[in-house]
S.K.: 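Right, I'll just put the structure down here and ask away after.
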There are 2 protein chains.
Amino acid sequence: MTKKPRYSRQRDAILEILKNDDGHIEAPEIHRRLRKIHPKLSLATVYRNLAQLESLKKISSIKNDSNINFFEIYREPHHHFVCEKCGGIQNLTYPTINICTSCISPHSNFKINKVATTLHGVCESCNVSQKLLNITKSF
Amino acid sequence: MTKKPRYSRQRDAILEILKNDDGHIEAPEIHRRLRKIHPKLSLATVYRNLAQLESLKKISSIKNDSNINFFEIYREPHHHFVCEKCGGIQNLTYPTINICTSCISPHSNFKINKVATTLHGVCESCNVSQKLLNITKSF
DNA sequence: AGTCTAAATAGTATTGATTCCTACTTAGTT
DNA sequence: AACTAAGTAGGAATCAATACTATTTAGACT
């Protein structure tokens with residue numbers, strides 16, 4: 001149905017960055033990294049290709065609480081942890097829970113494309129530095 | 001710890017709107033509705049109070065795929081359905097699954113504040129109108 | 001290996017929800 | 001009644017993301 005997109009060096013490089021990173025990266029960070037090799041790469045190109053790659057299911061995206069979009073290479077469904085302090089995102093490595101598709105069945109005319117379970121809170125490193133700060137304050 | 005905020009007619013009116021609506025409302029829509037009674041109400045005031053009410057756990061918010069924030073009166077934890085077409089949000093009325101807190105236990109230094117499960121797809125009314133459109137096209 | 005064209009890009013302008021800023025108003029305490 | 005810290009109105013600023021436009025290029029077809 002959807003035609004295979006034409007090759008582009010830029011898109012390839014963007015995908016390569018995401019393949020070789022096990023974290024979640026923002027578009028401007030991808031842009032920054034690639035500028036070292038492709039000095040003329042435009043940020044708009046990064047955004048356009050990320051959107052295209054996502055619609056091709058080669059990558060996936062998740063937003064933190066500040067609405068900033070983070071990208072990762074496509075992986076089997078999993079959950080995310082979003083830090084409210086630093087805005088960072090981490091994958092949670094425990095079995096996915098496939099609960100929703102059956103539960104939604106009463107709403108038979110809905111079309112479900114994605115089930116996302118996201119935990120919001122304070123990540124390990126922010127939590128530790130918060131504790132240290134509290135100790136300091138108590139003096 | 002946190003001091004009780006001073007009374008404000010505006011904040012009260014915002015909370016009242018949300019109490020009397022079982023859906024999910026955007027800030028500008030709340031602003032629009034209240035302007036009829038409070039013609040001088042500022043949109044910034046609406047946003048500021050919504051943020052405050054949320055931190056007091058009196059309301060909760062959820063973003064659709066276009067990053068638009070929707071607000072509802074605080075209810076027991078439940079899941080949401082976000083429509084990719086119209087951007088609308090609906091509550092899913094089936095038991096919440098409390099899976100995550102135990103699964104996250106290996107990450108003992110994390111602080112978990114919220115577990116959000118959100119389904120993304122096409123809602124009933126958008127799905128129906130899509131089907132009608134396809135029938136029309138086939139002529 | 002040259003021509004053609006739709007897709008992709010670079011660079012910049014624009015958008016739009018949300019937040020910031022500042023002078024003014026007001027709840028509620030003394 | 002005066003005081004003051006919290007709240008407000010109105011408009012400016014922010015900033016991630018998208019739109020726009022002239023230029024470049026993948027890759028198909030002679």
Side-chain angles (χ1 to χ4, degrees), chain A residues 1-17 24-56 58-71 82 84 86-89, chain B residues 1-17 24-56 58-71 82 84 86-89:
Chain A
M1 205 70 177
T2 28
K3 197 161 45 156
K4 189 187 169 186
R6 215 177 67 175
Y7 173 82
S8 116
R9 209 177 319 117
Q10 291 86 336
R11 189 190 309 125
D12 211 45
I14 291 166
L15 193 56
E16 211 54 35
I17 288 275
H24 301 73
I25 324 182
E26 297 164 75
E29 170 63 19
I30 294 172
H31 183 238
R32 223 172 290 130
R33 293 194 197 174
L34 284 174
R35 274 279 183 147
K36 291 167 189 165
I37 319 156
H38 300 263
K40 303 203 76 183
L41 179 69
S42 161
L43 183 57
T45 299
V46 174
Y47 276 110
R48 190 172 5 81
N49 279 308
L50 285 169
Q52 194 188 67
L53 287 167
E54 184 170 17
S55 76
L56 293 169
K58 299 207 171 181
I59 65 173
S60 55
S61 75
I62 175 172
K63 298 190 177 84
N64 73 5
D65 291 344
S66 305
N67 274 340
I68 295 171
N69 228 341
F70 286 74
F71 297 88
V82 179
E84 292 163 355
C86 68
I89 292 178
Chain B
M1 205 70 176
T2 29
K3 197 162 44 156
K4 189 188 170 185
R6 214 177 66 176
Y7 172 82
S8 116
R9 209 178 317 116
Q10 290 87 336
R11 189 189 309 125
D12 210 45
I14 291 166
L15 193 57
E16 211 54 37
I17 290 274
H24 300 74
I25 324 180
E26 297 163 75
E29 170 63 18
I30 295 172
H31 184 235
R32 220 172 293 130
R33 292 193 198 174
L34 285 174
R35 275 280 183 149
K36 291 167 189 165
I37 319 155
H38 300 263
K40 303 204 77 185
L41 179 70
S42 161
L43 184 55
T45 299
V46 174
Y47 276 108
R48 188 170 8 82
N49 280 308
L50 286 170
Q52 192 187 71
L53 288 167
E54 184 169 19
S55 75
L56 294 169
K58 299 207 171 181
I59 65 173
S60 55
S61 74
I62 175 172
K63 297 189 178 85
N64 72 5
D65 291 344
S66 305
N67 274 341
I68 295 171
N69 228 339
F70 286 74
F71 297 87
V82 178
E84 293 163 355
C86 68
I89 291 179

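All heavy atoms count here, side chains included; hydrogens, waters and symmetry mates do not. Note on naming: letters A, B, ... go to the chains in the order of the sequence lines (proteins, then strands), and numbering restarts at 1 for each one.
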S.K.: Side chain of B:R48: nearest nucleotide among D:dA16, D:dT8, C:dA10?
M.R.: D:dT8
S.K.: Could you spell out the base pairing of DNA chain D in dot-bracket, with Watson-Crick or G-U pairs whose two distances are under 3.5 Å, [ ] crossing and | to another strand?
M.R.: ||||||||||||||||||||||||||||||
S.K.: Touch check for A:A51, heavy atoms < 4.0 angstrom, all strands: base, sugar-phosphate only, or nothing?
M.R.: nothing
S.K.: Whole angstrom is fine here: how far is it from CG in A:N64 over to C1' in D:dC15?
M.R.: 13 Å
S.K.: Please give, in whole Å, the distance from C:dA10 P to A:L34 CG?
M.R.: 11 Å
S.K.: For the side chain of B:L41, counting heavy atoms from C-beta on, which of C:dA10, D:dG10, D:dA9 is nearest?
M.R.: D:dA9
S.K.: B:E26 near the nucleic acid: base, sugar-phosphate alone, or nothing, with a heavy-atom cut-off under 4.0 Å?
M.R.: nothing
S.K.: How close or far is atom C1' of D:dG7 from atom CG of B:L56, stated in whole angstroms?
M.R.: 14 Å
S.K.: Please determine if a side-chain N or O atom of B:Q52 lies less than 4.0 Å away from the OP1 or OP2 oxygen of D:dG7.
M.R.: yes
S.K.: Return the value, rounded to whole Å, for the distance between atom CG of A:D65 and atom P of C:dA17.
M.R.: 20 Å
S.K.: How long is the line joining CD of A:Q10 and P of D:dT25, in whole Å?
M.R.: 9 Å
S.K.: Contact between A:I25 and A:R33 at the side-chain level, heavy atoms closer than 4.5 Å - yes or no?
M.R.: yes
S.K.: When we call it a touch if two heavy atoms are under 4.0 Å apart, what does A:L43 touch: a base, just sugar-phosphate, or nothing?
M.R.: nothing
S.K.: Hey, does the side chain of A:S42 reach the backbone of A:A44 with a donor-acceptor pair shorter than 3.5 angstrom?
M.R.: yes
S.K.: Between B:Y47 and C:dT18, is there a contact of a side-chain N or O with OP1 or OP2 at under 4.0 Å?
M.R.: yes
S.K.: Rounding to a whole Å, what distance do you find between B:L50:CG and D:dT8:P?
M.R.: 11 Å
S.K.: Apply side chain to side chain donor-acceptor pair (under 3.5 Å) to residues B:S61 and B:E54 and explain how you reach the verdict.
M.R.: CA-CA 7 Å; B:S61 74; B:E54 184 169 19; 2.9 Å; yes
S.K.: Measuring to OP1 and OP2 of D:dT8, would you say a side-chain N or O of B:N49 lies under 4.0 angstrom away?
M.R.: yes
S.K.: Would you tell me if any nitrogen or oxygen in the side chain of B:K40 comes within less than 4.0 Å of OP1 or OP2 on D:dT8?
M.R.: no
S.K.: Quick one: which protein N/O atoms are closer than 3.5 Å to N/O atoms of nucleotides 27-30 of chain C? Pair and distance per line, please.
M.R.:
| from | atom 1 | to | atom 2 | distance (Å) |
| --- | --- | --- | --- | --- |
| C:dA27 | O4' | B:R6 | NE | 3.3 |
| C:dA27 | N3 | B:R6 | NH1 | 3.4 |
| C:dG28 | OP1 | B:Y7 | N | 3.2 |

S.K.: Within the structure provided, determine whether B:R11 and B:Q52 are in side-chain contact (heavy-atom separation under 4.5 Å).
M.R.: yes
S.K.: Side-chain contact test, heavy atoms from C-beta onward, threshold under 4.5 Å: evaluate it for B:L50 versus B:N69 and give yes or no.
M.R.: no
S.K.: Calculate, to the nearest 0.5 Å, the distance between atoms CD1 and NE2 belonging to B:I59 and B:H24 respectively.
M.R.: 11.5 Å
S.K.: Any side-chain N or O of B:T45 below 4.0 angstrom from OP1/OP2 of D:dA9?
M.R.: yes
S.K.: For the backbone of A:L41 and the side chain of A:H31, can you confirm whether one donor and one acceptor N or O come within less than 3.5 Å of each other?
M.R.: yes
S.K.: Using a heavy-atom cut-off of 4.0 Å across all strands, would you classify B:R11 as base, sugar-phosphate, or nothing?
M.R.: sugar-phosphate
S.K.: Could you state the interatomic distance from CD1 (A:I89) to CD1 (A:I62), rounded to the nearest 0.5 Å?
M.R.: 4.5 Å
S.K.: Check the distance between D:dT8's C1' and B:H31's NE2 and give it to me in whole angstrom.
M.R.: 12 Å
S.K.: Would you kindly give the CZ-to-P distance between B:F71 and C:dA17, to the nearest whole Å?
M.R.: 13 Å
S.K.: Name the nucleic acid region contacted by A:A27, choosing base, sugar-phosphate or nothing; use a 4.0 angstrom heavy-atom cut-off, strictly under.
M.R.: nothing
S.K.: Measuring only between side-chain heavy atoms, which start at C-beta, is A:P5 closer than 4.5 Å to A:L56?
M.R.: yes
S.K.: If you count heavy atoms of other groups shown closer than 6.0 angstrom to NZ of B:K58, is the number above 12?
M.R.: no
